[in-house]
Amino acid sequence: MAPTTPIKNALQASAPSDAIQVQGWVRTRRDSKDFSFIELNDGSSLKNLQVIARNSLPNYSDIQKLTTGASLRVNGALVASQGKGQKWELVADKIDIVGPAGDSYPLQKKGHTPEFLREIAHLRPRSNLFGSVFRVRSRLAFAIHQFFQERGFIYVHTPIITGSDCEGAGELFRVSTIDLKNPPRKGDDIDYAKDFFARQTYLTVSGQLEAEAFACALSKVYTFGPTFRAENSNTSRHASEFWMIEPEMAFCDLNGDMDLAEEIVKYLVRDIRENCPDEMDLFSKFVDKELLARLDFVLERPFQRTTYTEAIDLLKNSGEKFEFPVEYGLNLQSEHERWLTEKHFKCPVTVFNFPKEIKPFYMRLNDDGKTVTAMDLLVPGIGEIVGGSQREERLDVLQENMRRHKMDPADYKWYLDLRRYGTVPHAGFGLGFERMLMFVTGVSNIRDVIPFARTPGSAEF
RNA sequence: UCCAGAGUAGCUCAGUGGUAGAGCGGUCGGCUGUUAACCGAUUGGUCGUAGGUUCGAAUCCUACCUCUGGAGCCA
């Protein structure tokens, strides 16, 4: 079989070519007097290749019946286009109709709403918008690995099935092979000692604890994989299955942690700006007209930093009327975060040193005894994109934190061992992959940056 | 889970108590190196579901389902 030229390469050709082969799907077809124009797309780029099908082709009557969505293999000559709008076009010597699409094919050449395309998630990557989103998703994943690998971080595959529910109950998916109709029992309770893993197990909500173990051996590590939350969250920013990037650094404090978070956000924005120009152009035209200006702004301006206490003061003195109260000891609400990043600082802002009462047990207690070394990186349009902290490395303080959070230290023996043997200051954060993708593409619903989204009540496909 | 809004043709929508509509798509024909081509014709409906009010309901009422926006939780 002759080698196939990706349409992306054909469009970037520097010289005509007598004989190439392309394969792809029909986007549109227009008849002319003695021939037909076919716009062919193979997903290698946003742009289509214009194919000229002359009426001298033996199967021209079949070609005239082609509709959007049909798949073709075309052999012909790549020549300079006579028309405007494209540099090259392919004059076909032979067109094989690999698979016709029929008149029930749901995608038109006209634009569709993202909501409709979501209902046909198996076909939506054939649209300009979703093809672009998923090409950028691929590039973003690559850039993440590149960022960490360039800096000497070691990629750790933390487990997806886990026995620890460190973030608290009620938000995990149970993993079990127990027969739901006839479960083994111990008294009135289900006997999980008879389950597959001889204990209760769940889908992971975070690889952090395991990443800490590896950071305390390999110094700088990162995880990048799927995580799961059984929260009944119905918003455009939450999914039940999503990907998270979690670096963890030994011999690192909160400042180093904040530095890394700001550095990676800038790095990823710059990488996508440079490597996905066609896609970014599409997003800025059809998704969010302010996108490029906002991203360039993020690249140019230094990120701001403010303590939680200062942020509360700023909010209190802002003169702004907020729906929710601003009070020391309360969580910052979405409207507060938006005001800080969009109205006050007008750039990404990192808030740090939060009251210990509103943060998890593993965050390091500051010397004031009131705050912990937590940090949230807020970006305009999305809100919180990174959450991280310096971890509590002192065994006695960590055990006290656990008791304060009504946790049994005995359940976390292996985690406490990290503090018993060669403990070190260490820090890390979680960066939501989809939220980052939303930020760089301008796409406003998380369901539209995941190939097949899982959300409460919805796991079709 | 809470608050608000919306479900009418394959898609986007109009129709607000009295015969179910348009544009796009599809189909047929015409024209044409076209660019979301153009021109003409045509096709296409259990008005989200189930009850109720009424002589009569897409339209008013109730419940439920789904989607969207916002909120909580967070990444």
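This one's a predicted model, so the numbers in the text were calculated from it and none came from an experiment. For the numbers below, each heavy atom of this structure counts, side chains included, while hydrogens, waters and symmetry mates do not. Quick note on labels: first sequence line is chain A, next is B, and so on, each numbered from 1.
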Looking at the side chain of A:Phe324, which of B:A71, B:U1, B:C74 is the nearest nucleotide?
-> B:A71
Give the nucleotide from the list B:G69, B:A75, B:U34 with an atom nearest to the side chain of A:Ser236.
-> B:G69
For atom CD of A:Glu171 and atom P of B:U1, their distance in whole Å = 17 Å
Same-atom distance (C1') from B:C55 to B:G17, integer angstrom = 12 Å
Output the distance between atom CG (A:Leu254) and atom CE (A:Met363), rounded to the nearest 0.5 Å.
-> 9.5 Å
Which base, if any, makes a Watson-Crick or G-U wobble pair with B:G29, both distances under 3.5 Å?
-> B:C39
Rounded distance (Å) that lies between atom P of B:A36 and atom CG of A:Leu282 | 14 Å
Heavy-atom neighbours of A:Phe214 CZ exceed 12 at 6.0 Å = no
Would you say the ring centroid of A:Phe224 lies under 6.0 angstrom from that of A:Phe433?
-> yes
Residue met sooner reading RNA chain B from 5', once A:Leu332 and A:Asn445 are mapped to nucleotides | A:Asn445
With sugar-phosphate taken as primed atoms, P, OP1 and OP2 and all else as base, the protein-contact string of nucleotides 21-32 of chain B at under 4.0 Å (heavy atoms; B, S, -) is ---BSSS----B
Would you mind telling me which of B:A37, B:G33, B:A71 lies closest to the side-chain atoms of A:Gln50?
-> B:G33
Roughly, in whole Å, what's the span from CD1 in A:Ile446 to P in B:C74?
-> 16 Å
So which nucleotide from B:G72, B:C11, B:A75 ends up closest to the side chain of A:Ser334?
-> B:G72
A:His426 and its side-chain contact (heavy atoms from CB on, under 4.5 Å) partner, picked from A:Glu212, A:Arg364, A:Lys220, A:Glu392 = A:Glu212
Value in whole Å for how far the C1' atom of B:A75 lies from CD1 of A:Ile245 = 10 Å
Which part of the nucleic acid, if any, lies within reach of A:Glu89 when heavy atoms closer than 4.0 Å are counted: base, sugar-phosphate only, or nothing?
-> base
Base, sugar-phosphate alone, or nothing: which one does A:Thr28 contact when heavy atoms must sit under 4.0 Å apart?
-> sugar-phosphate
Name the nucleic acid region contacted by A:Gly111, choosing base, sugar-phosphate or nothing; use a 4.0 angstrom heavy-atom cut-off, strictly under.
-> base
Which nucleotide, B:A75, B:C73, B:U34, lies nearest any side-chain atom of A:Ser81?
-> B:U34
Under 3.5 Å donor-acceptor pair, A:Arg237 side-chain atoms to B:C73 base atoms = no
Using Watson-Crick geometry (N1-N3 plus N6-O4 or O6-N4) or G-U wobble (N1-O2, O6-N3), each under 3.5 Å, B:A14 is paired with none
No-H, no-angle donor-acceptor pair, A:Ser233 side chain to B:C74 base, under 3.5 Å = no
Between B:U42 and B:A22, how far apart are the P atoms? Round to whole Å, please.
-> 10 Å
Pair A:Phe147 and A:His145, ring centroids less than 6.0 Å apart = no
A:Ile120 CD1 to B:U12 P, in whole Å, measures 10 Å
Look at the side-chain N and O atoms of A:Arg435 and state whether any lies under 4.0 Å from the OP1 or OP2 oxygen of B:A75.
-> no
How far does the C1' atom of B:G7 sit from the matching atom of B:G48, given to the nearest Å?
-> 6 Å
Could you tell me which nucleotide pairs with B:A71 by Watson-Crick or G-U wobble geometry, both distances under 3.5 Å, or answer none if nothing does?
-> B:U1
Could you tell me whether A:Glu115 contacts a base, only the sugar-phosphate backbone, or nothing, with contacts defined as non-hydrogen atoms closer than 4.0 Å?
-> sugar-phosphate
Between the base of B:G70 and the side chain of A:Glu323, is there any donor-acceptor pair under 3.5 Å?
-> no
Would you mind pulling out the nucleotide paired to B:C60, Watson-Crick or G-U wobble, both distances under 3.5 Å?
-> B:G52
P-based separation of B:A6 from B:G40 [nearest Å] = 36 Å
Euclidean distance for P, B:G10 against B:G45 (whole angstrom) | 7 Å
Round to a whole Å and report the spacing from CZ of A:Phe116 to P of B:U8.
-> 12 Å
In A:Leu203, A:Val175, A:Thr227, the residue satisfying side-chain contact (heavy atoms from CB on, under 4.5 Å) with A:Ile160 is A:Leu203
B:C73, B:U34, B:A75: which one has an atom nearest the side-chain heavy atoms of A:Phe242?
-> B:A75
Taking atom P in both B:G26 and B:U62, compute the distance separating them and give it to the nearest angstrom.
-> 42 Å
Donor-acceptor pair present, A:Gln86 side chain and B:U34 base, under 3.5 Å | yes
Between A:Phe37 and A:Phe35, is the gap from one ring center to the other below 6.0 Å?
-> yes
Which part of the nucleic acid does A:Gln333 contact within heavy-atom distance under 4.0 Å: base, sugar-phosphate only, or nothing?
-> sugar-phosphate
Is a donor-acceptor contact shorter than 3.5 angstrom present between the side chain of A:His112 and the base of B:C11?
-> no
When the P atoms of B:A14 and B:U8 are considered, how many whole Å apart are they?
-> 10 Å
Can the ring centroids of A:His336 and A:Phe322 be said to lie less than 6.0 angstrom from one another?
-> yes
Nearest-Å distance for atom pair NE2/P, residues A:His238 and B:G70 | 12 Å
Over 12 foreign heavy atoms within 6.0 Å of CG, A:Asp18 = no
Ion pair check, A:Glu39 and A:Lys109, cut-off under 4.0 Å | no
Partner set under ring-ring contact (aromatic ring centres under 6.0 Å, His included) for A:His405, not counting sequence neighbours = none
pair_partner(B:U66), Watson-Crick or wobble, both distances < 3.5 Å, evaluates to B:A6
Gap in Å between the two P atoms, one belonging to B:A9 and one to B:G44, rounded = 15 Å
Report which part of the nucleic acid A:Arg27 touches: base, sugar-phosphate, or nothing (heavy-atom distance under 4.0 Å, all strands).
-> nothing
Rounded to the Å, how far apart are A:Leu129 CG and B:A36 P?
-> 17 Å
